[in-house]
Trainee: 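Below you will find the structure I want to go over with you.
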Protein chains: 2
Amino acid sequence: MSFPTDLEIAQQANIQPIKNIAEKINIKEDDLECYGRYKAKIPLAYIQPEKIKKSKLVLVSAINPTPAGEGKTTVSIGLSDGLNKIGEKSVVVLREPSLGPIFGIKGGAAGGGYAQVIPMVDINLHFTGDFAAIEKANNLLSALIDNNLQNPKNNLGIDPSTIVWKRVMDMNDRSLRQIVVGLGNGNGIVREEGFNITPASEVMAILCLSKDFEDLKQRLGNIFIGYTFDKKPIFARDLKAEGAMAILLKDAIKPNLVQTLEGNPAILHGGPFANIAQGTNSIIATQMGLSLSDYVVTEAGFGADLGAEKFLNIKSRYAGLNPDAYVIVATIRALRYHGGAKKLEYASPNIELVKKGIENLKKHIENAFKFGLKPIVALNHFATDAPEEIDFVQKECEKIGVKAILANEFTQGGEGMKDLAKAVVEIAKSGDCQFKPLYAAEDSVEQKIETIAKEIYGAEGVVYTAKAKKDLKIIDELGLNNLPVCMAKTQKSLSDDEKKIGRPTGFKVIVREFEFASGAGFIIPILGNIMRMPGLPSAPAAEGMDIDKYGNITGLS
Amino acid sequence: MSFPTDLEIAQQANIQPIKNIAEKINIKEDDLECYGRYKAKIPLAYIQPEKIKKSKLVLVSAINPTPAGEGKTTVSIGLSDGLNKIGEKSVVVLREPSLGPIFGIKGGAAGGGYAQVIPMVDINLHFTGDFAAIEKANNLLSALIDNNLQNPKNNLGIDPSTIVWKRVMDMNDRSLRQIVVGLGNGNGIVREEGFNITPASEVMAILCLSKDFEDLKQRLGNIFIGYTFDKKPIFARDLKAEGAMAILLKDAIKPNLVQTLEGNPAILHGGPFANIAQGTNSIIATQMGLSLSDYVVTEAGFGADLGAEKFLNIKSRYAGLNPDAYVIVATIRALRYHGGAKKLEYASPNIELVKKGIENLKKHIENAFKFGLKPIVALNHFATDAPEEIDFVQKECEKIGVKAILANEFTQGGEGMKDLAKAVVEIAKSGDCQFKPLYAAEDSVEQKIETIAKEIYGAEGVVYTAKAKKDLKIIDELGLNNLPVCMAKTQKSLSDDEKKIGRPTGFKVIVREFEFASGAGFIIPILGNIMRMPGLPSAPAAEGMDIDKYGNITGLS
């Protein structure tokens, strides 16, 4: 008998009405805003600052991702189930998946195996409409911009060639990447434009960094659009857009409650890109989880060099959300990959490759210490792991004072995560994690980038292109120097070159140019080509999807 | 003290939890799929064919619309409240409003005064996500088309210049009307494209004409896209798109339950355009209303020459939903307008203008008889109506055997609609309405158009452009002759010239070209320029909108 698919497991789950899940974390049924029977929004009034301080935050990140996948999300879900299994009250808090990629190659993004959040199909489709609302808010601003360009009254004099604000759509649609709008008689001003996928919208980043409606409106108003013909910067507030945009987000700002396969509460909220944005769920959702439970397990997108670094330097900084425990996910096969395994090779035991590849993991462990965090390694277990390989990794970690614990969430759910859960509780209660940011807000942009590049990536230095230097002046002119930086680089390597696996040394990173999200509140150094609108493959997953007359869905993986 | 705004009235309403409303129509709380506390979706299993046959359907349409507005929606809502007031069980079944226009000039579309459906703000914003789902399904097909154009494998050989399928966005955004996509290296095939507003999507028309998932999938698969280079027609099914599109609509297919200000049930579902599509809520919603109540009051978009004609010839034909009563809404000021009143003039009493303008109303009454329906005129009452004018209209109607009854829903709600409600019950029980379609499905397309033009519009004949004649051949080649026609013409006149007010005579209508919605299942003769993507005005309503820190919304009208 073969192992069932994620969809089969999800569909066979004994899903509980969401009000039962809410009851477990003391949300009154009358306060719950249900979306169907198995999803609900939680009113912001449930955020309790005093409780947040007492609860424990567990951050999950990973080594540099490999083609095989390391299972950060499954470990996060399984760990929260494991914590509940050993008698602790825990909520897993995650990003919402983007709809677009579902129809391409990628399967759903709600965990896998016996570590999933459900209802899986709903979560992967429109869920509670947050992405649609963000898309609308983003595109309302676009419509207001284009309307102003051709407006006889109240024309702000925006130079169309300077506009950096783009439209978004939550769809893998490469033909919208680069377009021309405003063609035809009476249809506005002709200009180049493009669509990004919705998670890449700055509105998404903003929603996930906002603490309340006031904060949200202020950030929305601070979105930079472009310049007037006489070089004055124009922001969304100049178009009086922030009120209407915030209205469109009135429900999207509330975190969503669902459940794990084991009936434990899960909060999913927001899903910003992990390269050009912070790559982690909303501040409000993390606060909500901590308000309603004793433990929150949360995930930072991509490897720790991007995900954890941004979580700590951006989100923790803005929200005072400091991890009490920090889990780095690794797999034996990924260590083989980082040891130089060729394709297919990393599926079979090879202790020599693991010995080389472990350097990637060690670097991420060292980086954790630099943030004042004592990590735990979660070795996400596969059938192809050799005991010798596991033993080696555990001993190497032990040498530097770090536990490496097998994670069996995929096949066993929370039951397979009790050891990890116990270790997490121990660390969280020990006070061994005392977060400190890596740089000061007052550091110059270059200093911040240098700190990250040298301390986290292990680079020898930073090189700026002429374009990047010019951009630095603009950032300075706009008074954005004190913002944290949000690095946009490949997730596949500690360096800015995706081919450099393991623990690369002797390299410099190149900042090609800068963008800035003045609304969200960060500067984005661009260290490589960043895909903001994926395409569909030659055989899109959409072709194999179906729904029968009873509403049963197949082909969604 | 001035009369409160719609938003003020809506916000001061004593809104009930939606489960209380559901209870009134015997929906079990556990079956209800709530969306927040005041909105819910109703499972399709509540459709009961036997009950549908016993319940009474009340169709509301109007004379040709004037700039002042006649209040079809308020009359529909008020009439349903009135029916409940006199002890009948009634549900009002309406379209969902489009989000885009909210940010332009137009206020909300959830009724007005004391005849509203609530929660007004939610209904006017994302509601339960139906429009967003329709938008996604539409745009998934677009992404699949553009992906196929540049696909090395499984390329269907579609000629890009023949593609008629467009993307949609629920936003007033004129700069997206005419665009070029696929620019840049690796971004697909360059071609002309455009966005329509979401209610103009054929997916919307399809959803509203589908009876179940099987029917939905079949219609989606039948969407015509364009031709291959060797002139073979290509449909959505050739791209295997219908399954994934239907999955995206899995919740959108379920009707939405809300309430009137008086706490009576209201079902809002779907919102197709009234010119290029059928302009009325979904078949499923109407069936659901009839299953759950003894009376359904429903509305057909624009004046009766478009709205009622399409309701009867398309929707009634496809669904067997025949009206038991038929209400034509008119106002005294609109009759003044149709009598030739200049701007401002129609706000003051003028019996001479009313005497001329009544011809428009009379024509719509005559048309009703042609469908086998005996109408009631609802005179939507305004403070500026002179008793003499009202008296004249009532007597003229009486002469042709039709009651004209004052409707006071705007200021008094259901209490002001009891007379109309009583008249509706009387007609519905009398069996005086015996619907018969105006043409046979087997009639040629030209015959169908001629029948509508002569019988309904009062035209002398129909003229076809060379383009239209060519299109007729294509329709014939594709085997679509037996579909009903869905006329696209100005709503402002009985003719195809919006300046011809009153009851024009001695004119011919010109069919400029044809489109066809082979998925939805109708042919669209184009009799004028049809706006499918509105723009924003120079001072967009969005600028005046705000939300405070408690989430209270202002500026939405």
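Letters A, B, ... are given to chains in the order of the sequence lines, protein chains preceding strands, and every chain is numbered from 1. Values below: every heavy atom of this structure, side chains too, minus hydrogens, waters and symmetry copies.
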Trainee: Is the closest side-chain heavy-atom distance between L99(A) and L248(B) below 4.5 Å?
Mentor: yes

Trainee: With rounding to the nearest 0.5 angstrom, report the CE to CG distance, M169(A) to N139(B).
Mentor: 4.0 Å

Trainee: Answer yes or no: is there a side-chain heavy-atom contact under 4.5 Å between D30(A) and R37(B)?
Mentor: yes

Trainee: Quick one: are S175(A) and R167(B) in side-chain contact, heavy atoms under 4.5 Å?
Mentor: yes

Trainee: Under a 4.5 Å heavy-atom cut-off, does chain A meet the side chain of D215(B), its backbone, both or neither?
Mentor: neither

Trainee: Taking G129(A)'s backbone N and O only, do any of them form a donor-acceptor pair with H126(B)'s side chain (distance below 3.5 Å, no angle check)?
Mentor: no

Trainee: Does the side chain of I179(A) come within less than 4.5 Å of V180(B)'s, by heavy atoms?
Mentor: no

Trainee: In Å, rounded to the nearest 0.5 Å, how long is the span from CD of E543(A) to CG of N148(B)?
Mentor: 8.0 Å

Trainee: With heavy-atom distances below 4.5 Å as the criterion, would you say the side chains of F103(B) and L140(A) are in contact?
Mentor: yes

Trainee: Taking N147(B) for the side chain and S538(A) for the main chain, is one N or O donor matched with an acceptor at less than 3.5 Å?
Mentor: no

Trainee: Counting heavy-atom pairs closer than 4.5 Å to chain B, which one of K136(A), R191(A), E33(A) comes out on top?
Mentor: K136(A)

Trainee: Could you tell me whether the side chains of R174(A) and N187(B) share a donor-acceptor contact shorter than 3.5 Å?
Mentor: no

Trainee: Can you tell me how far CG of D546(B) sits from CD1 of I247(A), rounded to the nearest 0.5 angstrom?
Mentor: 6.5 Å

Trainee: Between K217(A) and I547(B), is there a donor-acceptor pair closer than 3.5 Å when you use the side chain of the first and the backbone of the second?
Mentor: yes

Trainee: Could you measure the distance from the CD atom of E135(A) to the CG atom of D170(B)? Nearest 0.5 Å is fine.
Mentor: 11.0 Å

Trainee: If you count heavy-atom pairs under 4.5 Å between each of E242(A), Q150(A), K41(A), K153(A) and chain B, which one has the most?
Mentor: Q150(A)

Trainee: Just by distance, do the side chain of N154(A) and the backbone of A539(B) share a donor-acceptor pair under 3.5 Å?
Mentor: no

